[in-house]
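Note that these values count all heavy atoms, side chains included, but never hydrogens, waters or copies made by symmetry.
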Amino acid sequence: MKIAVCIKRVPVMEVKFAITADGSRVDETGLKYDVNDFDLWAIEAGLQLKEKNGNVGEVVVITLGTDAAQEQIRKALAMGADRGVLLQADRAPADGLAVARALAAELKDGGYDLILCGRIAIDSMNQMTGPMIAELLDVPCVTNVFRLEVAGATGRAERVLEGGSEVVEFPLPALLTIDDGLNKERLPSLKGIMAAKKKPLDVRPAQFGDAHVVVAKMSLPAERAAGRILGDSAAAVPELIRLLQTEAKVL
């Protein structure tokens with residue numbers, strides 16, 4: 001089985017963000033980066049499928065960005081992926097279709113049985129890339145997968161719905177977006193980290209085509225007002241109710 005996993009380099013979210021002076025993007029000064037959480041679970045899914053198949057096949061990790069994104073590819077290789085591809089670009093466009101087009105161009109003639117993506121990118125909260133790739137490649141797409149079985153040329157997945165779930169069957173090749181709950185990613189071992197340095201990593205330019213969506217302006221949310229302490233006894237309840245009715249207007 002030949003499996004491609006599309007991953008994204010995202011900032012570590014436990015930091016305070018700033019916007020550049022022109023308001024066009026997040027200031028990257030001082031930020032640390034990692035693989036998008038949902039993409040880590042997609043990598044793990046690909047590795048487990050290969051292992052269940054007797055370690056026959058290949059898991060290929062693909063991302064786009066600057067040379068700095070090689071760090072995230074090497075992490076995936078250390079987890080056990082076989083090789084990586086960096087679609088090089090100074091900056092990924094905000095146009096999700098342009099990003100999907102670049103990834104689809106790389107995947108098109110790769111002969112992949114499965115293409116795995118994370119359900120959502122935790123920085124942009126964009127979850128359109130996977131379905132767009134599937135549309136461009138004209139392959140079945142199953143989103144929000146949290147259970148997965150693949151046997152021969154067919155697969156069976158359970159996907160999240162609002163308030164429930166749905167079991168679907170699909171033929172290969174197909175594209176799946178992986179949700180929370182399917183697995184927990186493995187930590188790279190020291191042996192894996194050393195081996196990753198020798199695994200192939202191809203670099204070639206990204207082919208975005210025309211991008212029709214641009215970020216006009218970014219801004220941070222307004223600072224929250226300081227909280228008020230009304231007291232710690234039953235005597236504070238009437239005032240609390242009054243404020244919830246007259247100021248917060250939630251009662």
Side-chain angles (χ1 to χ4, degrees), residues 1-10 13 34-63 72-73 75-82 84 96-97 99-100 103-104 106-108 110-188:
M1 182 179 295
K2 189 172 182 180
I3 302 169
V5 185
C6 300
I7 68 172
K8 184 177 183 183
R9 178 178 185 259
V10 297
M13 306 306 285
D34 202 347
V35 179
N36 180 47
D37 289 347
F38 290 85
D39 300 344
L40 285 172
W41 302 324
I43 295 168
E44 180 63 35
L47 296 175
Q48 290 187 13
L49 286 171
K50 180 186 172 185
E51 290 165 355
K52 289 178 181 177
N53 197 38
N55 278 321
V56 176
E58 185 181 36
V59 177
V60 182
V61 176
I62 303 170
T63 192
Q72 282 65 50
I73 294 179
K75 178 174 181 176
L77 298 178
M79 290 172 64
D82 297 284
L97 179 58
V99 173
L103 291 167
E106 172 63 27
L107 293 161
K108 183 178 180 180
Y112 295 103
D113 301 295
L114 265 181
I115 301 167
L116 305 179
C117 302
R119 176 178 67 83
I120 191 170
I122 61 172
D123 57 346
S124 64
M125 302 306 287
N126 180 343
Q127 51 184 331
M128 68 176 81
T129 304
M132 282 183 172
I133 295 172
E135 178 66 20
L136 291 167
L137 297 178
D138 193 24
V139 298
C141 177
V142 184
T143 57
N144 301 7
V145 173
F146 69 97
R147 287 198 180 93
L148 176 63
E149 299 173 5
V150 176
T154 61
R156 180 183 175 90
E158 188 166 358
R159 59 187 296 267
V160 177
L161 295 178
E162 187 172 348
S165 65
E166 178 181 53
V167 177
V168 297
E169 295 181 351
F170 55 90
L172 303 185
L175 184 146
L176 312 178
T177 69
I178 304 302
D179 207 342
D180 185 10
L182 179 66
N183 55 49
K184 182 174 176 58
E185 78 278 9
R186 67 192 68 185
L187 296 174

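- For the pair K184 and E44, the salt-bridge criterion is not met [side-chain N within less than 4.0 Å of a carboxylate O].
- A 4.5 Å side-chain heavy-atom check between C117 and L103 finds every atom pair outside the cut-off.
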Just list the side-chain donor-acceptor pairs under 3.5 Å for residues 36-43, sequence neighbours left out, or say none.
{"residue": "N36", "atom": "OD1", "partner": "I122", "partner atom": "N", "Å": "3.0"}
{"residue": "N36", "atom": "ND2", "partner": "D39", "partner atom": "OD1", "Å": "3.2"}
{"residue": "N36", "atom": "ND2", "partner": "D39", "partner atom": "OD2", "Å": "3.4"}
{"residue": "N36", "atom": "ND2", "partner": "I120", "partner atom": "O", "Å": "2.8"}
{"residue": "D39", "atom": "OD1", "partner": "G118", "partner atom": "N", "Å": "3.0"}
{"residue": "D39", "atom": "OD2", "partner": "K8", "partner atom": "N", "Å": "2.7"}
{"residue": "W41", "atom": "NE1", "partner": "E185", "partner atom": "OE1", "Å": "3.0"}

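- Looking only at side-chain heavy atoms (C-beta outward), Q48 and N183 come within less than 4.5 Å of each other.
- Taking all atoms of both residues into account, the shortest heavy-atom contact from K50 to G57 is CE-O, 3.6 Å.
- Contact record, A4 with L107: CB-CD2, 3.5 Å, taken as the closest heavy-atom pair.
- V150 and M1 make their closest contact through CG1-CE, 3.4 Å (heavy atoms, listed as atom of the first residue, atom of the second, distance).
- For D180, there are no salt bridge (charged side-chain N to carboxylate O under 4.0 Å, His left out) partners, not counting sequence neighbours.
- The side-chain contact (heavy atoms from CB on, under 4.5 Å) test applied to K2 returns E58, R83, Y112, D113, not counting sequence neighbours.
- With hydrogens and angles ignored, the 3.5 Å screen pairs no side-chain donor or acceptor of D82 with any backbone N or O of V60.
- Nearest heavy atom pair, residue R186 against residue L47, reads NH2-CB, 3.7 Å.
- Taking each heavy atom of I73 and G84 in turn, the nearest pair found is CG2-CA, 3.8 Å.
- Under the side-chain contact (heavy atoms from CB on, under 4.5 Å) criterion, R147 pairs with E158, sequence neighbours left out.
- For the pair Q72 and I7, the tightest heavy-atom approach, listed with the atom from each and the gap, is O-CD1, 4.0 Å.
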For residues 128-143, dump all side-chain donor-acceptor pairs below 3.5 Å to protein atoms at least two apart in sequence or in another chain.
{"residue": "T143", "atom": "OG1", "partner": "R159", "partner atom": "NH2", "Å": "2.8"}

What side-chain donor-acceptor pairs closer than 3.5 Å can you find for residues 169-178, not counting sequence neighbours?
{"residue": "E169", "atom": "OE2", "partner": "R156", "partner atom": "NH1", "Å": "2.9"}
{"residue": "T177", "atom": "OG1", "partner": "N144", "partner atom": "N", "Å": "2.9"}

